[in-house]
Protein chains: 2
Amino acid sequence: MAEQQRLRGPYAKGVAKRDEILERALEVIAREGYRGASVKELAEAVGLSQAGLLHYFDSKEELFTEILRKRDEVDIAEQDLVGDEPADLRAAYLAVIRHNAEVPGLVQLFARLSVDATDPAHPAHRFFIERGVGLRTFFASAIADRQATGAITDRIDADTLARIVHAVVDGMQVQWMLEPDVDMAATVEALFELLSPAPGEGVSRTSN
Amino acid sequence: MAEQQRLRGPYAKGVAKRDEILERALEVIAREGYRGASVKELAEAVGLSQAGLLHYFDSKEELFTEILRKRDEVDIAEQDLVGDEPADLRAAYLAVIRHNAEVPGLVQLFARLSVDATDPAHPAHRFFIERGVGLRTFFASAIADRQATGAITDRIDADTLARIVHAVVDGMQVQWMLEPDVDMAATVEALFELLSPAPGEGVSRTSN
DNA sequence: GTCTATATTGAGATAGAC
DNA sequence: GTCTATCTCAATATAGAC
């Protein structure tokens, strides 16, 4: 049981090891892909037996949920998406998307789990709800700011626009997995263009 | 083996029965949901044993692929999405989306399979590629026509816009499955609004 | 064409030794 | 904390009777 780790906090050796496992898992899945991989496969890839790996996680589903949680953590840190309003949210987010195209296995895992977690009984259910809410809140607030300055159209409210952006990103991942030649980032970029209100305004194509 | 049905064409009794099975399956899944249902469960629901059902389909995956194919067929027929350019594509498509909200099981099945079929070895791989291409071609052509009349912005090319619409529809399904209060159709409608170039044009909110 | 029964496989989880 | 070994379960696929 993983109770020790959950309860004991920072001193528990388990926490560090658990984290190390997640990082290894992230690399392995990114590199070798995820095709409904079994715990055993992943265990071997990170250098443990199946039982050894499951020592740190209560179940397969919890394990994979934690991998995704870790991924978000890494992405957020890497792209400086920390403050409430990063210097260039748009560019930073496009960078995340471009990065995704380098780690197909993680995209597969994410897509698979986001469908499975649709079931309220799934351990990742809450995670995906909270993740979605967080993502869209973040975007909605950035969008609202730009609406106030006229940089983004206000014909549609910010919450709905945020929902659209979220949907496009998820939807494009599926299109890309199916046909890897598809350019996810370019399409999302086109969507951002679409959000700008008028043609020939401050919408030059110089920087962003 | 289902060879008889595949080879013999219209006379084979199997074809009619197969079709009947698919229709029943559609109803059952729509009504009772799909949670990674087993062949056995579905078989019982349509009034056959597992082996009896598998008599008509080569495998589970083929069975579920055919169910989805049948669903498209039904949707297209019901919404008159037949001609190259239906009277009101936008309204018809929104009707399909609204209809989806009535059949959660089919949306789940679709979402699940579209992720699994990402694998080139999956029997539904080709189906999903062709379906996507078809859908987007259809949309791109309608969009291009409207771009020519100025009803839709031409800042982004029609193919990319079609891709965005496709992505939003798929993405919204996931958001809706996770949080059933989400209004898929309303969000897609907002996207359509976004495609219109200027504010205060023929964009009244009278009917839908 | 449909059923019952069974083969086969593969997974996740758990017990218990070290 | 990690391993080996095993339990248990579920699911598809198939053989063969009727």
Side-chain angles (χ1 to χ4, degrees), chain A residues 1-25 29 34-67 109 112-113 116-117 119 121-124, chain B residues 1-25 29 34-67 109 112-113 116-117 119 121-124:
Chain A
M1 298 123 209
E3 285 163 56
Q4 301 137 6
Q5 288 83 31
R6 264 194 266 112
L7 298 173
R8 273 224 241 100
Y11 347 101
K13 291 247 175 64
V15 172
K17 177 80 180 186
R18 208 178 125 115
D19 229 57
E20 191 196 312
I21 289 173
L22 292 176
E23 266 163 35
R24 278 286 290 134
I29 295 176
Y34 167 86
R35 302 231 152 282
S38 64
V39 173
K40 183 154 173 273
E41 284 172 289
L42 187 57
E44 275 155 18
V46 302
L48 280 176
S49 71
Q50 191 234 32
L53 177 53
L54 251 356
H55 175 70
Y56 293 94
F57 303 89
D58 288 337
S59 71
K60 173 199 177 143
E61 287 170 332
E62 196 220 324
L63 164 61
F64 284 111
T65 307
E66 292 308 311
I67 291 175
L109 173 60
R112 180 58 173 295
L113 228 57
D116 290 353
D119 183 340
H122 193 285
Chain B
M1 300 120 208
E3 285 164 55
Q4 301 138 7
Q5 287 83 33
R6 263 194 268 110
L7 298 174
R8 276 227 236 96
Y11 352 99
K13 292 248 174 62
V15 172
K17 177 80 181 189
R18 207 177 125 115
D19 228 59
E20 191 196 311
I21 290 172
L22 292 177
E23 267 163 33
R24 279 285 292 133
I29 295 175
Y34 166 86
R35 301 232 152 282
S38 65
V39 173
K40 183 153 174 276
E41 284 172 288
L42 187 56
E44 275 155 17
V46 302
L48 279 176
S49 71
Q50 191 234 34
L53 176 53
L54 250 354
H55 175 69
Y56 293 94
F57 302 89
D58 288 337
S59 71
K60 172 199 177 145
E61 286 170 332
E62 195 220 325
L63 164 61
F64 283 111
T65 307
E66 291 308 310
I67 291 175
L109 173 61
R112 180 58 173 298
L113 228 58
D116 290 353
D119 182 340
H122 193 285

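In what follows, chains carry the letters A, B, and so on, assigned in the order in which the sequence lines appear, proteins first and then strands, with residues in each chain numbered from 1.
- A salt bridge is absent between B:K17 and B:E23: the closest approach of a Lys/Arg side-chain nitrogen to an acidic carboxylate oxygen does not fall below 4.0 angstrom.
- The CG atom of A:L53 sits 12.0 Å away from atom CZ of A:R24, with the distance rounded to the nearest 0.5 Å.
- One interatomic measurement links the two molecules: NE2 of B:H55 to P of D:dA17, which rounds to 17 Å at whole-angstrom precision.
- Separating the CG atom of B:D19 from the P atom of C:dG1 is a distance of 15 Å, rounded to the nearest angstrom.
- Between B:I21 atom CD1 and C:dG1 atom P the separation is 10 Å, expressed in whole Å.
- Distance A:R35 CZ to C:dA11 P: 15 Å, rounded to the nearest Å.
- With rounding to whole Å, B:F57 atom CZ is found 14 Å from C:dG1 atom C1'.
- A salt bridge links B:E44 to B:K40: at least one charged side-chain nitrogen sits closer than 4.0 Å to a carboxylate oxygen.
- Among the nucleotides D:dA15, C:dT2, D:dA13, the one closest to any side-chain atom of B:K60 is D:dA13.
- With rounding to whole Å, A:L53 atom CG is found 15 Å from C:dT14 atom C1'.
- Of the listed nucleotides (C:dT2, D:dG1, D:dA13), C:dT2 has the atom at the smallest distance from the side chain of B:K17.
- We find the CG-CG distance between A:L63 and A:D58 to be 10.5 Å, quoted to the nearest 0.5 Å.
- Here the side chains of A:L48 and A:L42 are not in contact, with every heavy-atom distance at 4.5 Å or above.
- Helix-axis bend for the helix from C:dG1-D:dC18 to C:dC18-D:dG1: the local axis fitted to the five terminal pairs at one end deviates from that at the other end by 10°, rounded to 10°.
- For A:Y56, counting side-chain heavy atoms from C-beta on, the closest listed nucleotide (C:dT4, D:dT2, D:dA13) is D:dT2.
- Checked against side chain to side chain contact (heavy atoms under 4.5 Å, CB included), A:E61 has the following partners two or more places apart in sequence or in another chain: A:S59, A:H122, A:P123.
- A heavy atom closer than 4.0 Å to some atom of DNA chain C occurs in A:Q50, these being the qualifying members of residues 41-50 of chain A.
- Annotation: side chain of A:V39 is not in contact with side chain of A:F57 (no heavy-atom distance under 4.5 Å).
- Spacing between atom CG of B:L63 and atom P of D:dA11 amounts to 15 Å, rounded to whole angstrom units.
- Going from atom CZ of A:R35 over to atom CZ of A:R112 covers 10.5 Å, rounded to the nearest 0.5 Å.
- In this structure, A:F64 has its ring center under 6.0 Å from that of A:Y34.
- Summarising the geometry, the separation between CG on B:L54 and C1' on C:dT6 is reported as 15 Å, rounded to the nearest angstrom.
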